[in-house]
Amino acid sequence: MKTALYSLLFCPGLLFAQEIDQTALAKIRKEGMENSKVKEIAHQLTDVSGPRLTNSPGFQRAAEWSVSELKKWGLQNARIEDWGEFGKGWQVEKSYLAMTKPYYMPFIAIPKAWTSGTAGPIKGEVVVVNIQNEEDLAKYADGKLTGKIILVKGNADTNPTFKPDAVRYTTEDLDKMTNSQPFGQSNFTPQRANSIQNARSFRSRVDSMMKAQKISLELAGRAGKHGTFFTSNGVSYKKDAPLAGPAFEMAPEHAGLVARLVESGIPVTLEAESQTSFFDQKLTTGNVIAEIPGTDPKLKDEVVMLGGHLDSWHSATGATDNAAGCTVMLEAVRILQAAGLKPRRTIRIALWSGEEQGLHGSRNYTKNTFGDYQTMKLLPAHEKLSAYYNIDNGTGRIRGIYLQENEGPRALFEKWFAPFSDIIDHPTITSRITGGTDHLAFDVLGLPGFQFIQDGIEYGTRTHHTNMDTYERLVMDDLKQMAVVVASFVYNTAQLDQKIPRKELPQPRPAASAGK
């Protein structure tokens with residue numbers, strides 16, 4: 001059965017005849033463009049807070065600073081709201097890896113997340129292993145690796161690049177989003193899911209074999225190029241997970257150098273030291289939450305939400321993934337406060353934790369607040385949410401919005417984009433589903449959850465989960481534009497006489513996958 005709001009698709013006049021408050025939009029634009037604080041906010045979340053792995057000191061610094069600023073700006077109920085148990089925090093205290101023979105060379109590398117340290121400096125000759133299948137695994141299961149420094153041979157593409165790392169969408173690119181077949185979650189087929197699960201299971205067996213043989217250190221060349229590499233989990237963060245031995249991830253060029261030398265018969269000696277800390281005194285964690293209270297007696301109990309994930313990976317300061325999104329959302333609510341606007345509905349910002357390990361912060365928040373997607377047992381607040389808006393695709397400016405196959409608000413969003421034609425080139429609204437971030441926690445419950453279309457810039461080539469995701473990768477003018485657009489969408493949503501139209505309620509998903 002369709003929800004009552006879904007019927008608004010067939011009564012557009014009820015929703016779309018409402019005029020935009022041009023005076024309010026002018027105030028939003030003036031504050032966001034002339035008095036922007038995005039540089040200051042981004043500096044605090046990246047340079048000052050540092051890497052923000054969930055439950056790490058860096059995450060806590062960023063969360064506490066955000067709460068403090070939200071209170072200064074006049075938002076209400078600003079807090080870190082616990083959602084449940086995440087697991088252990090972790091951070092790197094010291095990291096060093098270099099080749100000493102046949103000549104000296106420092107390497108670009110960092111310990112894998114949630115791995116233990118080396119218990120002091122170590123030095124030894126490298127053994128290169130190539131384990132791609134069960135047959136390969138069997139070759140090394142007889143104790144040959146005990147006490148060795150192991151390099152797991154990778155297959156990263158390190159060829160020269162003939163396209164720019166940083167790109168913006170062309171008009172043709174955006175047209176393809178609206179004219180071609182939907183993509184996203186629909187491409188995540190059972191076959192692909194099974195393949196990923198098999199790969200993880202095999203990798204777990206490789207790790208178990210190395211641990212059983214008590215290797216001295218594991219090294220892995222990761223995907224990437226030009227000194228940039230993509231990071232990953234080293235072991236589960238859960239409280240009962242066994243302690244993983246020391247492991248480094250490294251630039252593929254340096255891993256390739258070692259592999260070629262060893263395979264040509266030239267011994268390679270490395271020295272390394274890593275010190276890491278685990279934080280397991282408090283296994284629960286939370287999201288940053290704050291509100292601008294609604295002023296309309298009939299609508300103030302309804303909510304418009306905006307958010308992005310505050311946690312990051314550990315090899316850099318998580319600038320584009322996702323300090324950019326949090327900077328934009330913090331700036332958006334600051335703009336609304338500084339402009340003196342009084343929304344009819346309550347506006348609630350959320351900065352999520354645990355996104356990188358599977359949308360844990362947003363999924364648990366929506367479960368605790370709106371209902372359980374696995375059973376579709378809904379809570380009263382489910383009917384009170386109008387919409388949720390998310391930013392988590394890097395530093396690139398907004399070019400449109402993904403409807404998540406919810407055609408109800410299309411005409412409304414077209415109307416809302418129109419005043420920004422001077423700062424949004426070819427605004428695009430596509431029915432496509434996009435995945436991999438926190439709006440999915442709302443969408444899976446049938447709630448209107450939207451991710452904006454953003455220019456990719458260097459997201460897929462240089463910054464997303466890499467050792468180069470730093471403050472320098474942020475485009476401040478793009479962050480300003482995003483904050484103004486988001487603030488306007490949030491305010492317009494808060495002022496509507498009705499809530500944003502919804503899709504049909506989905507069926508329960510007891511085995512639904514979550515993650516990035």
Side-chain angles (χ1 to χ4, degrees), residues 15 18-45 65-79 288-308 325-351 384-391 397-398 412-413 415-424 452 476-500:
L15 198 60
Q18 194 168 335
E19 290 300 316
I20 299 174
D21 185 342
Q22 297 294 342
T23 301
L25 292 193
K27 291 180 178 179
I28 289 171
R29 184 187 284 251
K30 179 177 176 64
E31 180 63 30
M33 292 300 186
E34 298 181 13
N35 301 314
S36 175
K37 302 299 181 186
V38 295
K39 287 185 178 180
E40 293 88 339
I41 296 170
H43 169 63
Q44 288 290 333
L45 296 183
W65 179 86
S66 299
V67 169
S68 175
E69 288 301 293
L70 289 163
K71 289 179 178 178
K72 289 178 184 176
W73 299 335
L75 277 82
Q76 302 298 305
N77 303 318
R79 64 200 185 275
V288 173
I289 305 290
E291 294 176 338
I292 302 174
T295 57
D296 187 322
K298 295 181 179 180
L299 297 177
K300 65 182 181 180
D301 290 337
E302 295 181 359
V303 178
V304 182
M305 290 191 66
L306 67 161
C326 292
T327 295
V328 166
M329 297 319 197
L330 287 166
E331 173 71 353
V333 295
R334 188 201 65 80
I335 288 170
L336 294 174
Q337 288 290 86
L341 300 178
K342 304 298 182 183
R344 299 174 71 191
R345 288 179 178 82
T346 293
I347 293 172
R348 183 181 300 156
I349 184 174
L351 307 181
K384 297 293 186 180
L385 182 78
S386 182
Y388 169 76
Y389 299 101
N390 195 76
I391 290 287
R397 64 180 46 218
I398 288 173
L412 189 64
F413 289 170
K415 187 176 180 180
W416 290 354
F417 275 128
F420 299 104
S421 59
D422 59 323
I423 59 173
I424 304 178
F452 289 95
M476 294 302 166
D477 284 344
D478 284 17
L479 299 185
K480 292 179 185 179
Q481 183 256 24
M482 283 192 279
V484 167
V485 174
V486 169
S488 72
F489 262 65
V490 169
Y491 183 74
N492 287 339
T493 304
Q495 300 307 96
L496 285 174
D497 292 333
Q498 294 87 26
K499 297 192 291 292
I500 294 292

Return the CG to OG distance between Leu479 and Ser36, rounded to the nearest 0.5 Å. 8.0 Å
Salt-bridge contact Asp477-Arg397 (side-chain N to carboxylate O under 4.0 Å): no
When you check the gap from the basic side-chain N to the acidic O, do Arg334 and Glu31 get nearer than 4.0 Å? yes
Looking only at heavy atoms, which two atoms of Leu341 and Ala24 are closest? And how far apart? CD2-CB, 3.9 Å
Ile391 and Gly325: which non-hydrogen atoms are nearest, and at how many Å? CG2-CA, 3.3 Å
Between the side chain of Gln337 and the main-chain N/O of Trp73, is any donor-acceptor distance below 3.5 Å? yes
Does a side-chain N-to-carboxylate-O contact under 4.0 Å join Lys298 and Asp497? no
Quick check for you: to the nearest 0.5 Å, what is the distance between His43 atom NE2 and Thr327 atom OG1? 11.5 Å
Taking all non-hydrogen atoms of both residues, which atom of Val67 and which atom of Val288 are closest, and how far apart? CG2-CG1, 3.9 Å
Audit row: Ile292, Thr346, side chain to side chain contact (heavy atoms under 4.5 Å, CB included) steps and yes/no: CA-CA 6 Å; Ile292 302 174; Thr346 293; over 6 Å; no
Closest non-hydrogen atom pair, Met476 against Ala42: CE-CB, 4.3 Å
Leu45 side, atom CG; Trp65 side, atom CH2 - distance, nearest 0.5 Å: 5.5 Å
Go through the steps to decide whether Val328 and Leu330 satisfy the test side chain to side chain contact (heavy atoms under 4.5 Å, CB included), and finish with yes or no. CA-CA 6 Å; Val328 166; Leu330 287 166; over 6 Å; no
Going from CD on Glu69 to OG on Ser66, what distance comes out if it is rounded to the nearest 0.5 angstrom? 8.0 Å
When every non-hydrogen atom of Val485 is compared with those of Ser488, the smallest separation belongs to O-OG, 2.7 Å
Whether Arg79 side chain and Asn77 backbone form a donor-acceptor pair below 3.5 Å: yes
One should read off an interatomic distance between Gln18 CD and Leu496 CG, to the nearest 0.5 angstrom, of 5.0 Å
Ring geometry between Trp416 and Phe489 (parallel below 30°, tilted from 30 to 60°, perpendicular above 60°): perpendicular
Hey, does the side chain of Glu291 reach the backbone of Ile289 with a donor-acceptor pair shorter than 3.5 angstrom? no
Considering all heavy atoms of both residues, which atom of Lys480 and which atom of Met33 are nearest to each other, and what is their separation? CB-SD, 4.2 Å
Note: Glu302-Lys499 ion pair, threshold 4.0 Å (strictly below): yes
Any donor and acceptor pair, going by atom type alone, linking the side chain of Gln495 with main-chain N or O of Arg344 inside 3.5 Å? yes
Short question: side chain of Gln481, backbone of Ile423 - any donor-acceptor pair under 3.5 Å? yes
One pair to check against side chain to side chain contact (heavy atoms under 4.5 Å, CB included): Ile398 and Phe420. What are the steps and the verdict? CA-CA 11 Å; Ile398 288 173; Phe420 299 104; over 6 Å; no
The reported gap from CZ in Arg345 to CG in Asp301 (rounded to nearest 0.5 angstrom) is 11.5 Å
Trace of the side chain to side chain contact (heavy atoms under 4.5 Å, CB included) decision for Val304 with Tyr389: CA-CA 8 Å; Val304 182; Tyr389 299 101; 4.2 Å; yes
